[in-house]
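Side chains are part of it too, since the values below use all heavy atoms of this structure and drop only hydrogens, waters and symmetry mates. Numbers restart at 1 for each chain; the letters A, B, ... are given by sequence-line order, proteins then strands.
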Number of protein chains: 2
Amino acid sequence: MARIEDVARSAGVSTATVSRALRGLPHVSSETRERVREVARELGYVASPSAASLASGRTRTIGLLTPWVNHWFFANVIDGAERALRAQGFDALLYTFEISRDLRRRQVDPDVLRRRVDGVIVVGMPLDRDEVAALVGLGHPLIFIGTGAPGQVTVRVDDLRTATEATEHLLRLGHRTIGHITGSPQDNAPWAPPIDRRSGWKEAMARAGAAPSPELEVNGYFDVEGGRESTCRLLARRPDVTAIFAASDEMAMGAILAARELGRRVPEDLSVIGIDGHDLGELVGLTTMAQSAEDQGTAAATLLLGMIAGTPAPEQVIFPTQLVVRTSTSAPVAHLAT
Amino acid sequence: MARIEDVARSAGVSTATVSRALRGLPHVSSETRERVREVARELGYVASPSAASLASGRTRTIGLLTPWVNHWFFANVIDGAERALRAQGFDALLYTFEISRDLRRRQVDPDVLRRRVDGVIVVGMPLDRDEVAALVGLGHPLIFIGTGAPGQVTVRVDDLRTATEATEHLLRLGHRTIGHITGSPQDNAPWAPPIDRRSGWKEAMARAGAAPSPELEVNGYFDVEGGRESTCRLLARRPDVTAIFAASDEMAMGAILAARELGRRVPEDLSVIGIDGHDLGELVGLTTMAQSAEDQGTAAATLLLGMIAGTPAPEQVIFPTQLVVRTSTSAPVAHLAT
DNA sequence: CTGCCGTGCGGGAGCGCTCCCGCAAAACCG
DNA sequence: CGGTTTTGCGGGAGCGCTCCCGCACGGCAG
């Protein structure tokens, strides 16, 4: 396997010049650069990343921390981020931290990242104060997507407003008793989407004079099964609920599933709206507040690479959400009748 | 930041002993090992991966090559693989190679992987002969999931049999004119799932005396939109089709969508079966041949780590698929009538 | 008692780059 | 035209590990 010295010898220059030539640094004449490139190609030379990292202290690698990749939001964010990183010659190192219903999530261990990455993107994962401090302690740029952290650069949507609009869509249709499916009871980080989404629902309800009672709130844990099961509980407790606003499309789909099981027609007997713009939303006619996860991934990656290059980044980048009305929401039957 | 020498000095031993002690190698007394560990903890010492890689030639990193991560199969495989890798202290480096309908997929460039990984997992991506040769040329263990390559270790399901069973399920219900949604016309690698799945359909049809005419075959490109659109084409061409076997759940969901648009009831006017066991299949009552993508990812990772450690691996690991009957398949209406 | 092997440990040569410095020659400048 | 900067390039000291080799010492078989 060719080393930089082989290229240097073969091109009749020093290793320093080969390094400069191949990396596009200045202080190399264009003829020399071309000759070095040619020789490198002939020898099939590829610089050793380990050696380069060791010598330079830079790894050209970004750590992607996420609960899972098999959920719509996360998969799309990662797809977008990975592509943007690769376009700039950076590698994406994946670390998952499964969040399950019962088990406490494994702590983020900064030691694993130490000297291994030039920056970190945290995707949709609320971190406690110590974890954030540990990541900051790595001394590399850090960026959050979806879930933020105080004082950290965050790419996200306006959760409060998005939730407000979703709720108002239902209110406008004439619903008064609107249930809300949120995440886990453990979601209590003040900078986490479920909190803001619940607040948006509460505020919109209160403003409309509809009481956002705690009875109308259930935990759906951000997955389909949680949405289904929590909807069953909600409807048993409050059969008068005519509409449900779920904090994610996956939970909204679970709600539709539950309605079907309970013999409630959607939207006639139960309107359902979610947040995300899940690919399969169309399949079930799900009305939703759509966001672009992929764009957020791309933006975060680009921002992070900028920070690594020394460009100051804005503390918040807010992405838009858009109401997409399909067939899972309508006026309540009672309302239609009058 | 503490270096190995700091630990050595502080513990009163040589760097060689620190290295041995911390990595659990023999020829270190247990008292020395404990002392070294203690000192390392106090100093917050973490070995530099770059330096270790450079010196040892091993990176403890695995390359994951996949078209995308935002598709059910791929996301779940990657989730499973990443967890298994991490459990053994290996890192997962993600490389996506978007396969789109029009654009030719970007070639796999082995140079990017060179000296960066100790092994490679290719997830559901048919590679041409040169690409396989290039990856083999890296000199590291290589393993395929879903899509194989001749002579390479592959983790997959029995696509031929799975397709046969899916088709036979429809035949048993009384269907005779069964359409098939396959992938892209460019799928021609003989070791790729779409090919085997089509063969399974053809064979089952032929065995049942139902002509598997090319007219019954459409390209769905393995996504929801492709499934929807191709189903519209198929039903326009052959309105007598009473059932569709799609090579993936995502395409099957597209087929259901199309049926709905065309005013065909599922399953009364059109039965649909897919392959995968997609999380959201239940939502639309999709009958499917379920497989566990996550288990395949875990198995591949475990196998690969074994190969790195020198354990010989079987050339094929076949995972089971299981018929899950839901509400998207039934006897054809005509059949019911008689 | 002698020879041999296993254990515990240290010395130090690499691994393959990057980057600081130094130097000559060319370019620039009033 | 002399001085100053810029450009092009080489030398070589690191970067922080791993691993080969050598050495001392104790146990053990013959």
Subject >> Contact list for residues 50-69 of chain A, test ring pair (Phe, Tyr, Trp, His ring centres under 6.0 Å), sequence neighbours left out >> reply: A:Trp68-A:His71, A:Trp68-A:Phe74
Considering residues at least two apart in sequence or located in another chain, which fulfil the side-chain contact (heavy atoms from CB on, under 4.5 Å) criterion with [X]?
X        : result
A:Thr298 : A:Ala84, A:Thr302
A:Arg114 : A:Asp111, A:Leu138, B:Met1, B:Val46
B:Ser184 : B:Gln186, B:Asp187, B:Tyr221

Tell me which pairs pass salt bridge (charged side-chain N to carboxylate O under 4.0 Å, His left out) where either residue lies in [range], with sequence neighbours left out.
range                       : value
residues 38-53 of chain A   : A:Glu38-A:Arg41
residues 292-317 of chain B : B:Arg83-B:Glu294
residues 129-154 of chain A : A:Arg105-A:Glu131
residues 17-27 of chain A   : none

Original post:
Near DNA chain D, which residues from residues 14-32 of chain A have a heavy atom under 4.0 Å away?
Top reply: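 Heavy-atom cutoff 4.0 Å gives A:Ser14, A:Thr15, A:Ala16, A:Thr17, A:Arg20, A:His27, A:Val28, A:Ser29, A:Thr32.
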Subject >> Close side-chain approach of A:Ile78 to A:Val69, heavy-atom, < 4.5 Å >> reply: yes
Subject >> With B:Arg116 via side chain to side chain donor-acceptor pair (under 3.5 Å) - residues at least two apart >> reply: A:Asp91
**OP:** Using the heavy-atom set of chain B and a strict 4.0 Å cut-off, write down the first and last nucleotide of DNA chain D that makes it in, 5' to 3'.
**Re:** D:dG16 to D:dC19
Original post:
Where along residues 37-63 of chain B does a heavy atom fall under 4.0 Å from DNA chain C?
Top reply: B:Leu54, B:Ala55
